[in-house]
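Below: one structure, written as structure tokens.
Every chain is numbered from 1 and lettered A, B, ... according to where its sequence line falls, protein lines coming before strand lines.
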Amino acid sequence: MRLHNTETGAVQPLEGRDGPIRIYVCGITPYDTTHLGHAFTYVAFDVLVRALRAKAIKVRYVQNVTDVDDDIIRRARELNTTWDRLATKETALFEADLAALNVHAPDVFPRASQTIPRIIELVSKLEAQGHAYRSDGNVYFRVDSVTDYGRLSRLSREAMVKVSGERGADPADPRKRDPLDFVLWQRSAPGEPLWASPWGEGRPGWHIECSAMALQHLGDQIDIHGGGSDLIFPHHESEIAQSESATGVRPFARIWAHVGMLRYRGEKMSKSLRNLVLVRDLLQRYDSDSIRVLLLRHHYREPWAYEEEQLQDAQEWTRALQQRSKPVNAEEGAPPPAVREALEDDLDTPRALDVLRQLVEGGDARWRATADLLGLGLGKASSSEMGKTLGWPAPFHDPSNDRRVRPAR
RNA sequence: GGCGAGUUAGCCAAGUGGUAAGGCAGAGGUCUGCAAAACCUCCACCGCGGGUUCGAAUCCCGCACUCGCCUCCA
């Protein structure tokens, strides 16, 4: 398997070390899910994992939920509910949507609110190492304590400051020593969730939760770190700084895999812009195969603009394939080399779809194994394959985690 | 400022060195009392300029233009 690595700009081989492939994909902030852009990202990594497992490569796939976050708190207030209720509900919807799209569950599906002890441990370590400092009840990461902050996004310090300014951030926050320093732990405002910590009652900042969960579940180095390309800066840049500072192991991720952004009506599809095409709504009118085909027709790194015509087109294509596909008795045969080569070439799903079409049209029984590799049912009755998707683990009932949230109102 | 994707017919789009898939739209035809549907046929100087090669949409160099992302965000 060869994948494009954002950090080096090159397509690199994934294999070359022992043990399971460790994959961490940045998950959702559960307050307004699941739009087609989310689906694009998680379907892409679903196919990646399927392709690796089809080669008998062991994979450990972790996908997190960032459920402690400014937006969730704000939205919960708007909806007159609590942040954790909202997060639990939206996460369940997300799981149901992905299961409907035949996306296999990750092996571990942790959420930030249940990783607080780990987060505190990590922040303490960074503070002890001199990578972090306290200021007015908050703890900040000291960006100039690392030499190469900006190496993932390839931005100079000047550029990062400039971009931040243009984006309306406050580089002049007097509590920060450097405009680029970012919050690791913050004092909770009244009504916000809070946990006891060495710095007083507070909550984690954005970025640190992902480092904590990745290190906890995958160790000091991971093989593939994925997510939307909008996360490159500052989120993943900051994860690198935190993780490598804490562990001394670099690179934190051997390959950074970023998925292109989906646009709709001239703008990036985004919760804040409210220009969402929800998977839930599409599933009312289209079958999941058609939606998957639409997504797989686009290479994961390609930014593209959604139009409903494309989905209609994908549906016609999918129906034609379903009609022409001859039933296959068992799960016979492995996918042909052409499919595996396409997927191993930086996950070229458009090419793999074309091979699938040729197999079906040629009456080649290997079409079934190929469709499975791409997560397409193609008329298969609700059988074992579809049953596998029901395995999304409920992430929120682990009593071993010491959650010390106080009634927040 | 950086990074990324892209530029192929009216539109979408495949193509990974051997004289351009497919879909939509359009034109003509078969069929039909008429129409629809279905089926058949037709419709491309591959952004520009160099280079490599027997041969380039495809490889190399340069240029132009479009779009996207960059401390809410998959």
**Asked** How is A/H35 classified with respect to the nucleic acid when contacts are heavy atoms under 4.0 Å: base, sugar-phosphate, or nothing?
**Response** base

**Request:** Classify the nucleic acid contact of A/I232 as base, sugar-phosphate or nothing, counting any heavy atom under 4.0 Å across all strands shown.
**Result:** nothing

**Asked** Checking all strands, does A/G27 fall into the base, sugar-phosphate, or nothing category for heavy-atom contacts under 4.0 angstrom?
**Response** sugar-phosphate

**Message:** Whole angstroms only, please: what is the NE2-C1' distance between A/H258 and B/rG2?
**Reply:** 15 Å

**Prompt:** Taking 4.0 angstrom as the limit, do A/R142 and A/D144 come out as a salt bridge?
**Reply:** yes

**Message:** For a quick check of understanding: with a heavy-atom distance under 4.0 Å over all strands, which category does A/G37 fall into, base, sugar-phosphate or nothing?
**Reply:** base

**Message:** Assess whether a salt bridge exists between A/R151 and A/E244, defined as any Lys/Arg side-chain N lying under 4.0 Å from an Asp/Glu carboxylate O.
**Reply:** yes

**Asked** Is it true that A/D354 and A/R357 make a salt bridge, defined as a side-chain N closer than 4.0 Å to a carboxylate O?
**Response** yes

**Asked** Which is true for A/D230 with a 4.0 Å heavy-atom rule: it touches a base, it touches only sugar-phosphate, or it touches nothing?
**Response** base

**Request:** For B/rC63, give its Watson-Crick or G-U wobble partner with both distances under 3.5 Å, or none.
**Result:** B/rG47

**Complete:** Taken to the nearest whole Å, CG/A/L311 to P/B/rC12 is 18 Å

**Neighbour count >12 (heavy atoms, 6.0 Å) for atom CD, A/Q129** = yes

**Asked** Which is true for A/R297 with a 4.0 Å heavy-atom rule: it touches a base, it touches only sugar-phosphate, or it touches nothing?
**Response** nothing

**Request:** Flag yes if more than 12 heavy atoms outside A/R319 fall under 6.0 Å of its CZ atom; otherwise flag no.
**Result:** no

**Asked** Quick one: A/W304 CH2 to B/rA13 P, roughly how many Å, whole number?
**Response** 11 Å

**Fill in**
From CD of A/E302 across to C1' of B/rA13 the rounded distance in Å is 10 Å

**Asked** Taking any strand in view, what nucleotide pairs with B/rG68 in a Watson-Crick or G-U wobble way, both distances under 3.5 Å?
**Response** B/rC3

**Asked** Under 4.0 angstrom, heavy atoms only, what part of the nucleic acid is A/W206 near: base, sugar-phosphate, or nothing?
**Response** sugar-phosphate

**Request:** May I ask you to say what A/D348 touches in the nucleic acid, namely base, sugar-phosphate or nothing, with a heavy-atom cut-off under 4.0 Å?
**Result:** base

**Message:** On RNA chain B, compare the nucleotides closest to A/G9 and A/E307; which residue's is nearer the 5' end?
**Reply:** A/G9

**Asked** Taking the side chain of A/A159 as its heavy atoms from C-beta onward, which of B/rG15, B/rG1, B/rG68 lies nearest to it?
**Response** B/rG1

**Any A/R301 side-chain N or O less than 4.0 Å from OP1/OP2 of B/rA5** = yes

**Request:** Output all residues satisfying salt bridge (charged side-chain N to carboxylate O under 4.0 Å, His left out) with A/R75, sequence neighbours left out; order by chain, then residue number.
**Result:** A/D32, A/E78

**Message:** Classify A/F40 by what it touches in the nucleic acid, base, sugar-phosphate, or nothing, heavy-atom distance under 4.0 Å.
**Reply:** nothing

**Asked** In terms of the nearest nucleotide of RNA chain B, which residue is placed more toward the 5' end: A/T29 or A/P350?
**Response** A/P350

**Message:** Using Watson-Crick or G-U wobble geometry with both distances under 3.5 Å, which nucleotide pairs with B/rU32?
**Reply:** none

**Message:** Return the pairing partner of B/rU41 with a 3.5 Å limit on both distances, Watson-Crick or G-U wobble; otherwise return none.
**Reply:** B/rA27

**Item:** Nucleotide paired to B/rU53 in any strand shown, Watson-Crick or G-U, under 3.5 Å
**Value:** none

